[in-house]
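Lettering of chains follows the sequences in order, A, B, ..., and the numbering in each one begins at 1.
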Protein chains: 2
Amino acid sequence: MMKLYNFFRSGTSHRLRIALNLKGLSYEYVAVDLRTEEHLGDAFKALNPQGLVPALVEGDKVLTQSPAIIEWLEERYPGQPLLPSAPDERARVRAMAALVGCDIHPINNRRILEYLRKQLGCDEAAVQAWCATWIEAGFAALEQQLAADKTRGRFCFGDTPGLADVYLVPQVESAHRFKVDMTPYPTIVAIDGACAELDAFSRAAPAAQPDAK
Amino acid sequence: MMKLYNFFRSGTSHRLRIALNLKGLSYEYVAVDLRTEEHLGDAFKALNPQGLVPALVEGDKVLTQSPAIIEWLEERYPGQPLLPSAPDERARVRAMAALVGCDIHPINNRRILEYLRKQLGCDEAAVQAWCATWIEAGFAALEQQLAADKTRGRFCFGDTPGLADVYLVPQVESAHRFKVDMTPYPTIVAIDGACAELDAFSRAAPAAQPDAK
């Protein structure tokens, strides 16, 4: 069975849990506690020298970087695909995923916020304003794109949850944590709600994980 | 012919120029001047509501987000592949690309540095320290990974330039701009040098673009 080294509140870990669940793949949950900096310890760094969660281990293979792992899952386990089949549609879906995965998430993750606090002396209000800025910029663009798509069903693309939803839902979770007003993004809120009804998403939620205490 | 809306110094634009060149695809160069905030103007936002370069236009299709565009190029124009064929190897290469594309580049791009300067009052030394922190963290992990790969040839993976090199070379360019000491990363320096010898890379370099004045 695959082992997922992850942390309940990490957005990239959350992504991977959703992807694994959508594909119907079971995995062993291995918690890496970011609060005690377990990810920077020798044991985890022996697995992933970059010291970042998540890492997925299958046999003697260690996979890192959630975008690469998800594409690997899609290629190795093509059942319940996360991407449509036509290249143009795949590009659309991957662009939505990249908007979240490159333009929002990396700017608000733990090590960045620690730098803002410790090196730049930001207080919690400044940290929250920072996070809100990037989440709002990304969500505004995504909302516009989703609202303009007349062929869209209940999810980011069509009527089946896929790659873009895998990225979006953890980002909405993080937006709530940073108290972002979601009113300007009704389409995103509706998609997040549609996902929340599905077992693959509810089982992947941070609060449902064993290390969420 | 495809049109590439881009800016000479943008790392994600640079990436795309390399990918197009490696695939032997010609394109019309459309400069979007980030210095005068042309990317935030109505004309460009009509094309890409997110207001970010690059965008690739083919016929009536507008593609955004460089990771999605590069995967699209790989699927639509499979000649001169940027990725190996085995899923495990593809995951390795994509992980190196994501290390640069998610964990380094987005944190140092223009809008972030403007925020540091204008909202947080950082001076240029503080901005440079910020950039160096994330470049060095990423390069240290990548260097370790590359140096440990006994099957590696002259490039990030094997003896043919590919996806990871497409991401790495623009990031090295940016590291030079932010005066990062490259001494600790001899493998990265060697790979960057091997790439620089190739026409596909030298033609894509920022200084070789029409808007680099």
Side-chain angles (χ1 to χ4, degrees), chain A residues 12 45 48-52 56 58 61-77 83 86-88 90-99 101-107 109 111-112 115-116 119-122 126 129-130 133-134 137-138 140-145 148, chain B residues 12 45 48-52 56 58 61-77 83 86-88 90-99 101-107 109 111-112 115-116 119-122 126 129-130 133-134 137-138 140-145 148:
Chain A
T12 49
K45 279 202 157 180
N48 179 9
Q50 209 190 347
L52 294 176
L56 186 69
E58 188 184 59
K61 273 195 298 278
V62 180
L63 296 141
T64 60
Q65 291 288 347
S66 65
I69 301 172
I70 295 172
E71 292 281 352
W72 178 85
L73 286 173
E74 186 74 351
E75 294 175 356
R76 276 278 280 120
Y77 301 97
L83 284 165
D88 292 357
R90 294 163 75 85
R92 258 186 85 87
V93 174
R94 281 190 177 119
M96 291 190 274
L99 190 157
C102 298
D103 293 337
I104 305 179
H105 180 271
I107 308 168
N109 72 10
R111 58 188 192 137
I112 307 292
Y115 192 101
L116 292 176
Q119 263 70 39
L120 301 181
C122 291
W130 167 276
T133 297
W134 313 117
L142 187 59
E143 174 70 26
Q144 186 178 342
Q145 210 172 303
Chain B
T12 49
K45 279 201 156 180
N48 179 10
Q50 210 191 348
L52 293 176
L56 185 69
E58 188 184 59
K61 271 195 299 279
V62 180
L63 296 141
T64 60
Q65 291 288 347
S66 65
I69 300 173
I70 295 173
E71 293 279 352
W72 178 85
L73 286 172
E74 186 74 352
E75 293 174 357
R76 277 278 281 121
Y77 301 98
L83 284 165
D88 291 357
R90 294 164 75 84
R92 257 186 86 87
V93 173
R94 282 189 177 118
M96 291 190 273
L99 190 157
C102 298
D103 294 336
I104 305 179
H105 180 272
I107 307 168
N109 73 9
R111 58 189 192 136
I112 307 291
Y115 191 100
L116 292 176
Q119 264 70 37
L120 302 181
C122 291
W130 167 276
T133 298
W134 313 117
L142 187 59
E143 174 71 25
Q144 187 179 343
Q145 211 172 305

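If you measure heavy-atom distances from A:L99 to chain B, the contacts under 4.5 Å come from both the backbone and the side chain. For chain B, no part of A:L142 is nearby; none of its heavy atoms comes within less than 4.5 Å. At a 4.5 Å heavy-atom cutoff, the contact between A:Q144 and chain B is made by side-chain atoms alone. Neither the backbone nor the side chain of A:S66 comes within contact range of chain B; no heavy atom of the residue lies under 4.5 Å from a heavy atom of that chain. Residue contact with chain B, scored on non-hydrogen atoms closer than 4.5 Å, involves the side chain of A:W134 exclusively. For A:A129, the parts lying near chain B are the backbone and the side chain together; criterion is any non-hydrogen pair under 4.5 Å. A:P67 touches chain B through its side chain: at least one heavy atom from C-beta onward sits under 4.5 Å away, while N, CA, C and O do not. Using a 4.5 Å cut-off between heavy atoms, B:T12 does not touch chain A at all. Both the backbone and the side chain of A:D88 come within contact range of chain B, each with at least one heavy atom under 4.5 Å from a heavy atom of that chain.
Here the CZ atom belonging to A:R94 is positioned 13.0 Å from the CD atom belonging to B:Q65, to the nearest 0.5 angstrom.
If you tally non-hydrogen atom pairs under 4.5 Å between each of B:A148, B:A98, B:G101 and chain A, the highest count goes to B:A98. Between chain B and the residues A:L120, A:T64, A:I112, A:L63, the most heavy-atom pairs under 4.5 angstrom are made by A:I112. The greatest number of non-hydrogen atom pairs below 4.5 Å with chain B, out of A:K61, A:H105, A:R76, is found for A:K61.
Nearest heavy-atom pair, B:W72 versus A:P87, reported as atom, atom and distance to 0.1 Å: CD1-O, 3.4 Å. Heavy-atom minimum distance, B:A95 versus A:A68: N-CB, 3.4 Å. Counting all heavy atoms, side chain and backbone alike, B:I107 lies closest to A:R111 at CD1-NH2, 3.5 Å. Taking each heavy atom of B:C102 and A:P106 in turn, the nearest pair found is O-CB, 3.1 Å.
Within the 4.5 Å cutoff, the side chain of B:Q50 has heavy atoms near those of the A:D103 side chain.
Qualifying salt bridge (charged side-chain N to carboxylate O under 4.0 Å, His left out) partners for B:E143, counting only residues two or more places apart in sequence or in other chains: none.
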